[in-house]
Amino acid sequence: MLRGASVVLRPTAPDDVPALAAIRATPEVRARWRGEDDLGADVAADLEDPDVHPFTVEHQGRVVGMIQWYAEEEPDYRHAGIDIFLAPTVHGRGLGSDAVRTLARHLIDDHGHHRLVIDPAADNTAAIRCYEKVGFRPVGIMRQYERGADGTWHDGLLMDLLAAELVR
C-alpha cells in the first residue's frame, strides 16, 4: 500500500473490478481509455497481465480510479511507464498529481528507476498539466499515435521524468 497526501494506492483486487469498470464506462474516461463492450472483462484482464502492475486509487475510503505501471527491463533501456484514470467526479482536485507523484516516488525509491514515461493524448491538456506538476516534461509529439473511437488516428505526447526532477 502506497500513501500520498490525499490518496492511497493499493494493489488492485478482483473485488475492485465493478467499481473500476463503472469509472471506465463514464464518457470522459471511456473517450481516453475506451475498451470493449465488457469493461469489467477489460479491467479483469489488466489484473491478469504479468507485465502490468495495477493499483486502485482510493480517496477518503472510496475507489476513485486506477493507476498502473509497466517496466522495460532491458538494462540499456531500463525505465518504467505509468497510466492512470480517475472518476470524473474527482477531476480537478489534485488527486491525479498526488497519485502519479506517489507511484513515481515508489518506482524511483523502491524499484530504482532513473527515468519514467507517460504518454497522454496530445490534446489532453488537463492530464498534461497534472503530469507537469509532478515534474514530467514534454519530449515530443508521437504523430498518429493512437486510434480514436471514431477510427481516426490521434497524436500522443511523450513525457518523461528523471529521478532528480520528481517534485516531491
Side-chain angles (χ1 to χ4, degrees), residues 1-73 79-107 110-111 113 116-131 134 136 142 144-159:
M1 185 174 300
L2 307 174
R3 294 191 182 279
S6 299
V7 300
V8 172
L9 309 182
R10 61 172 175 73
T12 300
D15 290 349
D16 297 320
V17 170
L20 295 173
I23 294 168
R24 289 264 311 266
T26 61
E28 299 90 337
V29 176
R30 191 163 175 105
R32 301 293 182 180
W33 274 69
R34 294 186 316 278
E36 300 301 321
D37 290 336
D38 186 350
L39 292 174
D42 288 351
V43 173
D46 288 341
L47 302 183
E48 300 299 322
D49 186 340
D51 296 326
V52 176
H53 309 278
F55 286 85
T56 295
V57 180
E58 289 185 344
H59 175 63
Q60 299 177 340
R62 188 172 59 110
V63 173
V64 296
M66 188 175 85
I67 189 168
Q68 62 188 22
W69 68 277
Y70 58 91
E72 168 58 63
E73 295 294 349
H79 69 278
I82 297 174
D83 296 306
I84 184 172
F85 65 83
L86 294 178
T89 57
V90 300
H91 288 181
R93 296 185 189 179
L95 300 182
S97 56
D98 188 27
V100 171
R101 179 178 293 110
T102 301
L103 183 55
R105 189 173 54 238
H106 172 66
L107 294 172
D110 301 330
H111 289 272
H113 285 284
L116 307 177
V117 298
I118 200 160
D119 58 355
D123 66 350
N124 192 343
T125 56
I128 294 165
R129 275 195 316 271
C130 167
Y131 308 148
V134 177
F136 280 88
M142 298 179 291
Q144 296 186 9
Y145 177 63
E146 65 184 347
R147 191 185 326 257
D150 63 359
T152 63
W153 291 96
H154 303 273
D155 294 346
L157 176 65
L158 178 61
M159 301 179 79

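Computation of the quantities below employed the complete heavy-atom set of this structure, encompassing side-chain atoms and omitting hydrogens, waters and symmetry-equivalent molecules.
Within the 4.5 Å cutoff, side-chain heavy atoms of Leu157 are placed close to those of Ile128. No side-chain heavy atom of Arg32 sits less than 4.5 Å from a side-chain heavy atom of Phe85. In this structure, the side chains of His91 and Pro88 come closer than 4.5 Å at one or more pairs of heavy atoms. Within the 4.5 Å cutoff, side-chain heavy atoms of Trp33 are placed close to those of Asp83. Taking the side chain as every heavy atom from C-beta outward, Asp16 and Leu47 never approach each other to under 4.5 Å. The shortest side-chain heavy-atom distance between His154 and Asp123 does not fall under the 4.5 Å cut-off.
Going from atom CG of Leu103 over to atom CD1 of Ile118 covers 9.0 Å, rounded to the nearest 0.5 Å. Here CG of Leu158 is found 10.0 Å from CZ of Phe136. Values are rounded to the nearest 0.5 Å. Distance OH/Tyr131 to CG/Leu116: 13.0 Å, rounded to 0.5 Å. The line from OH of Tyr70 to CG of Leu107 is 11.0 Å long, rounded to the nearest 0.5 Å.
Thr12 contributes a side-chain N or O that, together with a main-chain N or O of Thr56, makes up a donor-acceptor pair within less than 3.5 Å. Checked by atom type and distance alone, the side chain of Asp98 pairs as donor or acceptor with a backbone atom of Val7 at under 3.5 Å. Within the 3.5 Å criterion, the main-chain N or O of Gln144 finds a donor-acceptor partner in the side chain of Asp155.
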Side-chain donor/acceptor pairs under 3.5 Å, residues 58-68, sequence neighbours excluded:
from, atom 1, to, atom 2, distance (Å)
Glu58, OE2, Arg10, NE, 2.8
Glu58, OE2, Arg10, NH2, 3.0
His59, ND1, Ser6, O, 3.0

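Residue Ala80 comes nearest to Trp69 through the heavy atom pair CB-CE3, 4.3 Å, listed as atom of the first residue, atom of the second, then distance.
Between His111 and His106, the ring center distance clears the sub-6.0 Å criterion.
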